[in-house]
J.: 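Structure below; questions to follow.
Remember, it's 1-based here, ligands and their atoms both numbered in the order they're listed.
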Amino acid sequence: MNRLSGKTALITGAGSGIGRVIAHTFGKEGAAVVCADIKGFEETAKEVRDAGGKAIGVELDVSKLDSWKKAVDLAVKEFGGIHALANVAGISEAVDIIDLEEKDFDKMMNVNLKGVFFGMKTVLPHFVENGSGKIVNIASLAAHVGLTGLPSYSASKGGVVSMSRQVAMQYAGRNIQVNAVSPGIIETPILANNPPEVTKQFTDATPANRLGRPDEIASMVLFLCSDESDFITGQAMIVDGGWGSQ
Ligand SMILES: NC(=O)c1ccc[n+]([C@@H]2O[C@H](COP(=O)([O-])OP(=O)(O)OC[C@H]3O[C@@H](n4cnc5c(N)ncnc54)[C@H](O)[C@@H]3O)[C@@H](O)[C@H]2O)c1
């Protein structure tokens, strides 16, 4: 129950779905949790506190660098430091590339890829000063295999995997581990952005014959933010019920 005791972790996308469950999991494991999102962040922080954990909520638009600086400053002020970052916030859009609008492509990149860039850029100076740190960036199976109807989403998540690997190499010698986690299809509100037939097609393609659960991603993120994974860096851990292995 204390795999993260003494650590402060900032989780983006903590207002919903996978990020919310990661916040609960980290709270139970003894971390001080900074629940960051554009909505739902106060509710999640309260849930973590009600369950006996330590947490604050903070409004953070991951696509805005100023917003990141304020959130990380708050984490350091409230809890005396920052030791782990889980970049979970993300959006998705199912569309044919012919119909994909430039503004929607830019929005996808701004949230899913630039948001991860800004997060790593903002916390790394603190991690270097601490002499350690953990970053987990949520990508997707769409970064590894071609999936129908997700051109901008796939591109953004491919960027997350590549950037995670690069930053991992750059900071491995300073005891900072950077990994990506690539979920398959997980039952969260984001699936409402896909037409039901796309969700069905993805579920049918999963050898485990079911949707994944957010706690099945949270347990991997927990492992990668704990001391148990200190020799693991630059990896993309695929958690997908076997989908990508076919
Ligand atoms: N659910 C799946 O099947 C699945 C599969 C692969 C990858 N993922 C990834 O997992 C992550 C979490 O998704 P989820 O399934 O929990 O979806 P979700 O919609 O439940 O949660 C996403 C959260 O990100 C937040 N967010 C969106 N834009 C933001 C911004 N600009 N700044 C801060 N927060 C913002 C939303 O408010 C929301 O709370 C995403 O990165 C998603 O791409 C999900």
J.: Out of curiosity, is A139 lining ligand 1, as in a heavy atom under 4.0 Å away?
T.: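 Within the 4.0 Å threshold, so yes.
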J.: Return the residue, atom name and 0.1 Å-rounded distance of the protein heavy atom closest to atom 22 (C) of ligand 1.
T.: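 Protein heavy atom at minimum distance: G90 O, 3.7 Å.
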J.: Side chain or backbone, does S16 bring an N or O within less than 3.5 Å of an N or O on ligand 1?
T.: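 Among all N and O atoms of S16, at least one is under 3.5 Å from an N or O of ligand 1.
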J.: How far is atom 39 (O) of ligand 1 from its nearest protein heavy atom, and which residue and atom name does that atom have?
T.: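 Answer for atom 39 (O) of ligand 1: D37 OD2, 2.6 Å.
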J.: Could you tell me the residue and atom name of the protein heavy atom closest to atom 10 (O) of ligand 1, and the distance to it rounded to 0.1 Å?
T.: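 Going by distance alone, atom 10 (O) of ligand 1 is nearest to I138 CG2, 3.4 Å.
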J.: I38: heavy atom below 4.0 Å from ligand 1, yes or no?
T.: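 It does; at least one heavy atom falls under 4.0 Å.
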J.: When you check the gap from the basic side-chain N to the acidic O, do E197 and K200 get nearer than 4.0 Å?
T.: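 Result for this pair is no, no salt bridge flagged.
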J.: Go through ligand 1 atom by atom and flag the ones less than 4.0 Å from a non-hydrogen atom of L60.
T.: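 Near L60, meaning under 4.0 Å from one of its heavy atoms, ligand 1 has 32 (N), 33 (C).
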J.: Would one find an N or O of Y153, backbone or side chain, under 3.5 Å from an N or O of ligand 1?
T.: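 Y153 vs ligand 1: N/O contact under 3.5 Å present.
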J.: Which residue and non-hydrogen atom of the protein lie closest to atom 31 (N) of ligand 1, and at what distance in Å?
T.: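 Its nearest protein heavy-atom neighbour is D61 OD1, 3.0 Å.
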J.: List for me each residue that meets salt bridge (charged side-chain N to carboxylate O under 4.0 Å, His left out) alongside K64, sequence neighbours excluded, and say none if there are none.
T.: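 K64 satisfies salt bridge (charged side-chain N to carboxylate O under 4.0 Å, His left out) with D61 once adjacent residues are dropped.
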J.: Output every pair passing salt bridge (Lys or Arg N to Asp or Glu O under 4.0 Å) with a member in residues 235-246, not counting sequence neighbours, ordered by first then second residue.
T.: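 Every pair satisfying salt bridge (Lys or Arg N to Asp or Glu O under 4.0 Å) with a residue in residues 235-246: there are none.
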J.: Of all the heavy atoms in S67, does at least one lie under 4.0 Å from an atom in ligand 1?
T.: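 Outside the 4.0 Å threshold, so no.
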J.: Does any N/O atom on L141 come nearer than 3.5 Å to any N/O atom on ligand 1?
T.: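 Among all N and O atoms of L141, none is under 3.5 Å from an N or O of ligand 1.
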J.: Which residue owns the protein heavy atom closest to atom 32 (N) of ligand 1, what's the atom, and how far is it?
T.: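 For atom 32 (N) of ligand 1, the nearest protein heavy atom comes out as V62 N, 3.0 Å.
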J.: Determine whether more than 12 heavy atoms belonging to other residues, nucleotides or ligands lie under 6.0 Å from atom CD of E129.
T.: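 No, the 6.0 Å shell around CD holds no more than 12 heavy atoms from other groups.
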J.: Please report the shortest heavy-atom distance between A168 and V178, naming the atom on each side.
T.: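 A168 and V178 have their closest heavy atoms at CB-O, 3.5 Å.
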J.: Work out which heavy atom in N112 is nearest to a heavy atom in Y153; give both atom names and the distance.
T.: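 Looking at all heavy atoms of both residues, the closest pair is ND2-CD1, 3.6 Å.
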J.: Are side-chain N/O atoms of S132 and H83 paired as donor and acceptor at under 3.5 Å?
T.: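 No, no side-chain donor-acceptor pair sits under 3.5 Å.
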J.: Could you tell me if any non-hydrogen atom of G40 lies under 4.0 Å from any atom of ligand 1?
T.: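 No heavy atom of G40 comes that close to ligand 1.
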J.: Give the numbers and elements of all ligand 1 atoms closer than 4.0 Å to a heavy atom of G17.
T.: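 It comes down to these atoms of ligand 1: 16 (O), 20 (O).
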J.: Is there at least one pair of N or O atoms, one from L191 and one from ligand 1, spaced under 3.5 Å apart?
T.: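 L191 vs ligand 1: no N/O contact under 3.5 Å.
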J.: Counting only heavy atoms from other residues, nucleotides and ligands, does the tally under 6.0 Å from CD1 of I97 exceed 12?
T.: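 No.
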J.: Give the atoms of ligand 1, by number and element, whose distance to some non-hydrogen atom of I185 is under 4.0 Å.
T.: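 In order of numbering, the contacting atoms are 3 (O).
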J.: Side chains of K134 and S226: do they bring a donor and an acceptor to under 3.5 Å?
T.: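 Distance-only check fails for K134 and S226.
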J.: Quick check on K157 - does any of its heavy atoms sit under 4.0 Å from an atom of ligand 1?
T.: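 For ligand 1, residue contact (heavy atoms, under 4.0 Å) with K157 is present.
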J.: Between the candidates G15, G184, A71, A192, which shows the shortest non-hydrogen contact distance to atom 5 (C) of ligand 1?
T.: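 Result: the heavy atom closest to atom 5 (C) of ligand 1 is in G184.
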J.: Report yes or no: does F202 have a heavy atom closer than 4.0 Å to ligand 1?
T.: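 In this structure, F202 fails to qualify as a contact of ligand 1 - no heavy atom is under 4.0 Å.
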J.: Are any of the N/O atoms on N112, whether in the backbone or the side chain, positioned under 3.5 angstrom from an N/O atom of ligand 1?
T.: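 No.
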J.: Considering only non-hydrogen protein atoms, determine which one is nearest to atom 15 (O) of ligand 1 and report residue, atom name and distance to 0.1 Å.
T.: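 Among all protein heavy atoms, the one nearest atom 15 (O) of ligand 1 is T188 OG1, 2.5 Å.
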J.: For the 3.5 Å polar cut-off, considering only N or O atoms, please tell me whether P183 and ligand 1 meet it.
T.: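 No.
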J.: Would V111 count as being in polar contact with ligand 1, using the rule that some N or O on each side must be under 3.5 angstrom apart?
T.: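 No, since none of the N or O atoms of V111 sits under 3.5 Å from an N or O of ligand 1.
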J.: If you count the non-hydrogen atoms of other residues, nucleotides and ligands that lie under 6.0 Å from CD in E187, is the total more than 12?
T.: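 Counting other residues, nucleotides and ligands, CD of E187 stays at 12 neighbours or fewer.
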J.: Hey, which atoms in ligand 1 end up nearer than 4.0 Å to a heavy atom of V88?
T.: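 Under 4.0 Å from V88, ligand 1 has these atoms: 11 (C), 12 (C), 40 (C), 41 (O).
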J.: Check the surroundings of atom CD in Q246: do more than 12 heavy atoms from other residues, nucleotides or ligands lie under 6.0 Å from it?
T.: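 For Q246, atom CD is crowded (more than 12 foreign heavy atoms under 6.0 Å).
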J.: Is the contact between K39 and ligand 1 made by the side chain, the backbone, both, or neither, using heavy atoms and a 4.0 Å cut-off?
T.: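 Just the side chain.
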J.: What pair of heavy atoms forms the shortest contact from V34 to A75, and how long is it?
T.: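 Here V34 and A75 meet closest at CG2-CB, 3.6 Å.
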